[in-house]
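Take a look at the structure set out below.
Sequence lines set the chain letters: A, B, ... in the order given, protein chains first and strands last, and positions in each chain run from 1.
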Protein chains: 2
Amino acid sequence: MQRDAHRRAAPDRGRTLLGPALSLIHTGQTPTRSALTRALDVTRATAGAVTAELEALGLITVDSRPAGGGRGRPSHRLAIDPEGPVVVAGQIHADGLSVTLAGLGGLLDPPVHLPLPAATDPVRMLRAVAQAGAELARSTSRRCLAAALALPNPVTEPDGTALAALHFAWPSGTPVADLYDVEVGRADHGPMAVHPLPTAIANDANLAALAEYRHGAGRGARHLLFVTSGHRGVGGALVIDGHLHTGSAGLALEVGHLTVDPQGRPCVCGNRGCLNSETDPDALFAAAGLTPEPGRPLIDQARELCWAASTDERARAAVEHVIDRLGLGLAGVANILNPDRVVLSGLHLDLLEAAPDRLRAVVAERSLWGRSGRVPIVGAELAHGALAGAAELGWGPYLADPQSVPV
Amino acid sequence: MQRDAHRRAAPDRGRTLLGPALSLIHTGQTPTRSALTRALDVTRATAGAVTAELEALGLITVDSRPAGGGRGRPSHRLAIDPEGPVVVAGQIHADGLSVTLAGLGGLLDPPVHLPLPAATDPVRMLRAVAQAGAELARSTSRRCLAAALALPNPVTEPDGTALAALHFAWPSGTPVADLYDVEVGRADHGPMAVHPLPTAIANDANLAALAEYRHGAGRGARHLLFVTSGHRGVGGALVIDGHLHTGSAGLALEVGHLTVDPQGRPCVCGNRGCLNSETDPDALFAAAGLTPEPGRPLIDQARELCWAASTDERARAAVEHVIDRLGLGLAGVANILNPDRVVLSGLHLDLLEAAPDRLRAVVAERSLWGRSGRVPIVGAELAHGALAGAAELGWGPYLADPQSVPV
DNA sequence: CGGATTTTGTTTCGAACCGGCACAAAGTAA
DNA sequence: TTACTTTGTGCCGGTTCGAAACAAAATCCG
């Protein structure tokens with residue numbers, strides 16, 4: 001008679017543990033109640049109550065069939081509810097806009113890509129993202145809880161203005177957080193959306209770092225240094241014990257203008273040999289003595305040059321030239337931050353894969369403390385790191401307090 | 001009839017709030033129960049219970065006479081009990097050993113200074129510190145709760161071994177934490193000491209940063225960058241939201257070998273123009289075209305050179321030369337960490353005071369984000385920062401859980 | 001000077017949250 | 001089948017904190 005009963009009333013246990021418990025399930029670390037008991041260091045009774053509460057909130061499901069294993073009573077698998085709520089995750093990048101829906105567990109729907117609108121002023125671009133997200137939200141039966149956006153520019157905190165949006169000539173100080181909130185408020189996200197829909201924005205490198213930390217190559221690290229390279233230049237981010245360190249104004253880890261070759265190429269900042277100008281596609285082509293074909297995206301051609309390093313002598317030499325400078329920059333930052341893992345993305349990931357041993361050797365050579373300073377350098381694992389990070393940003397308040405999820 | 005009653009039994013409130021409350025009183029932020037109520041965001045009832053518990057533990061006193069002020073019933077001042085427990089704080093530096101007793105509130109007894117023993121092997125130096133501390137502990141009627149030590153070398157975590165103890169030729173990897181614990185265990189700290197006396201060690205720059213954050217020039221900062229220069233070279237430390245960031249192995253912020261002048265002076269690390277070799281006393285004298293007098297401590301002469309900058313043209317030029325390089329290094333680190341305050345100590349403090357505007361201008365010029373990157377640069381306030389930090393280290397467990405203080 | 005007002009401190013009660021324990025459930029091992 | 005191991009749940013109680021009423025001690029103001 002107890003089977004298929006109505007969802008039980010909220011238990012009198014596990015209120016403050018809901019957040020940590022959901023975060024563990026969200027990152028795939030605790031597939032069973034028993035694992036939750038150990039990870040949270042609570043009694044089985046408490047873990048059971050927490051599980052029941054999360055199930056009642058419609059966030060997780062408990063597998064009806066036991067998952068066998070060793071001796072003793074088998075545990076039931078806990079999983080993110082595939083029909084649970086979603087957030088809208090968006091990204092603005094040099095090529096256009098990307099939008100997707102994201103449930104818990106780091107699971108993204110296949111992203112929708114839109115070309116850059118003809119007018120790239122802030123309001124119209126943010127409106128395009130908000131409307132594309134609203135369309136996705138209307139198309140699903142799942143509740144929509146938030147809309148979050150990744151930007152290719154530094155974002156100040158706590159006011160949420162964008163700085164130096166080079167690609168789109170946005171004025172520095174554009175209040176992107178406020179503008180996006182307005183546009184999301186105007187767009188119709190359908191009857192299943194929370195009203196008003198909470199919004200959040202952050203820098204794409206920071207968000208990609210957060211996503212890698214929770215669902216990708218950064219799992220299990222304590223201090224994760226993330227470095228990426230793309231159209232905009234070099235972006236860095238630091239995750240400390242699960243929290244992004246964005247500095248007092250959101251401007252930490254802007255490592256693009258670290259000097260790695262005093263006699264190097266000139267940079268827009270006025271100096272020579274910045275990490276930006278020494279490890280971007282132009283630097284790679286210059287080192288190879290080649291000129292990129294006009295018309296095709298520069299970043300794609302640079303990646304092909306990396307892939308050619310195993311067969312083409314000139315490509316190999318160019319890759320090594322750039323890698324030596326990247327290694328200097330990474331060692332400098334690692335000596336300051338002493339991370340226990342470094343994750344590379346973008347063009348830096350292609351450089352790493354072209355000559356992993358050389359990059360690791362250069363960094364180790366410049367690390368101050370020998371063995372203690374030897375830090376693992378690995379590649380990013382997520383295909384859409386910034387989008388996945390935007391999803392994390394949107395989910396943030398609900399992961400901290402699952403009871404704030406509307407019924 | 002209630003006056004001078006026995007200390008009341010422990011109340012049924014404020015157990016988990018004891019630590020935060022004591023920390024607030026410890027840092028002088030909440031001199032009254034009413035301020036505690038606001039700072040902890042609890043009810044007056046809870047703040048009152050917390051206060052009573054801390055008083056019962058013998059850690060604080062409540063002033064019997066009201067402290068007047070505005071309207072309404074006056075509040076009673078809360079203060080650290082001057083007869084409360086102490087910890088032994090020690091420091092090993094190039095000139096010798098320093099030891100003192102420290103109560104809560106950042107209050108140090110006048111330190112006792114000892115010359116370096118003839119034999120500078122680890123065991124004998126640690127024994128000398130432990131015995132000097134034991135003598136102090138025996139001489140007081142206050143209970144002694146811990147012994148903590150500041151070392152001039154990088155200290156790895158969590159194992160507590162010292163690296164590169166240049167001045168004393170200690171082998172890299174010396175297990176200082178274990179050795180000090182043994183020596184403290186052997187020394188007699190008197191009948192009022194906890195047995196066995198807990199011990200802790202850490203790097204002096206990190207500890208000085210922590211002390212400045214809690215009791216000195218870093219009060220109120222969120223992200224504090226601390227940089228000091230002394231006999232050993234440059235030491236850095238970072239406090240994030242009240243916690244030291246020592247990196248995954250305790251080796252963060254070792255900024256001495258940041259390159260600030262590619263054509264600069266050679267450094268022991270093999271490169272040229274490291275922050276160490278460009279801002280140490282030798283660099284200052286070289287820039288002035290002077291040779292220090294033999295016999296007198298180099299650091300003292302360098303400080304005198306800084307003080308002479310206002311009157312002596314050659315000293316002024318030398319100070320500005322060094323300051324320009326120090327500014328480059330500070331800007332580089334600040335661009336990575338985005339702190340909201342920079343505190344300078346040691347010779348760097350003398351440089352700052354000799355030409356504060358120039359140093360601030362150099363850093364601002366090299367900061368990436370204009371106004372947003374302009375960070376206050378101030379001098380350290382504590383006379384014995386590392387010793388005060390060692391006291392903080394020793395008090396740490398009790399600040400986190402005041403109930404662990406033995407009755 | 002004396003009551004009104006304001007602010008602080010205390011007492012009492014109850015709610016929320018979690019551990020301990022006993023028991024039940026569901027598998028494996030022999 | 002029996003013993004054992006491990007997992008899940010119901011019940012009790014303890015700890016901790018908030019709400020509210022009350023009490024206390026000052027200033028304000030007529």
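For H26(B) and H215(B), the ring centers sit closer than 6.0 Å to each other. Residues H245(B) and H245(A) place their aromatic rings such that the two centres sit no closer than 6.0 Å.
Here the nucleotide nearest the side chain of T46(A), chosen from dG19(C), dT16(D), dG18(D), is dG19(C). For R44(B), counting side-chain heavy atoms from C-beta on, the closest listed nucleotide (dA21(D), dT16(D), dC18(C)) is dA21(D). Counting only heavy atoms from C-beta on, S34(A) has its side chain closest to dG8(D) among dA21(D), dG20(C), dG8(D). Residue T16(A) places its side chain closer to dC17(C) than to any other of dC17(C), dG27(C), dA25(D). When the nucleotides dA19(D), dT9(D), dG9(C) are ranked by their closest atom to the side chain of T43(B), dA19(D) comes out on top. Looking at the side chain of A45(B), the nearest of the listed nucleotides dG19(C), dA20(D), dA21(D) is dA20(D). Here dG9(C) is the nucleotide among dA25(D), dG9(C), dT7(D) with the atom lying nearest to any side-chain atom of R33(B).
Of the residues near DNA chain C, L17(A) and R73(A), the one whose nearest nucleotide (by heavy atom distance) lies more toward the 5' end is L17(A).
The separation between R65(B) atom CZ and dA25(D) atom C1' is 15 Å, rounded to whole Å. Rounded to an integer number of Å, the gap from L40(A) CG to dG8(D) P is 13 Å. One can place CD of E53(B) at 14 Å from P of dT10(C), the figure rounded to the nearest angstrom. As a whole-Å value, the separation of D63(A) CG from dA26(C) P is 15 Å. Between the CZ atom of R77(B) and the C1' atom of dG9(C) there is a distance of 17 Å, rounded to whole Å. As rounded to whole Å, 13 Å separates atom C1' of dT8(C) from atom CG of L36(B). Atom NE2 in H76(A) sits about 17 Å away from atom P in dT6(D), given to the nearest Å.
We find the CZ-CZ distance between R38(A) and R44(A) to be 11.0 Å, quoted to the nearest 0.5 Å.
Q29(A) contributes no side-chain N or O that, together with a main-chain N or O of L24(A), makes up a donor-acceptor pair within less than 3.5 Å.
OP1 or OP2 of dG8(D) sits under 4.0 Å from a side-chain N or O of S75(A). OP1 or OP2 of dA3(D) has not a single side-chain nitrogen or oxygen of R71(A) nearer than 4.0 Å.
The bend of the helix from dC1(C)-dG30(D) to dA30(C)-dT1(D), defined by the angle between the axes of its first five and last five pairs, stands at 10° to the nearest 10°.
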message: Set out, in order, the CA-CA distance, both residues' side-chain angles and the distance that settles salt bridge (charged side-chain N to carboxylate O under 4.0 Å, His left out) for E381(B) and R219(B), then state yes or no.
response: CA-CA 11 Å; E381(B) 293 178 0; R219(B) 275 179 303 221; 3.5 Å; yes
field: Residues E83(B), R142(B); criterion salt bridge (charged side-chain N to carboxylate O under 4.0 Å, His left out); working and verdict
entry: CA-CA 6 Å; E83(B) 292 304 311; R142(B) 300 165 72 180; 5.1 Å; no
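With 3.5 Å as the limit, one finds a donor-acceptor pair spanning the side chains of T43(B) and T46(B).
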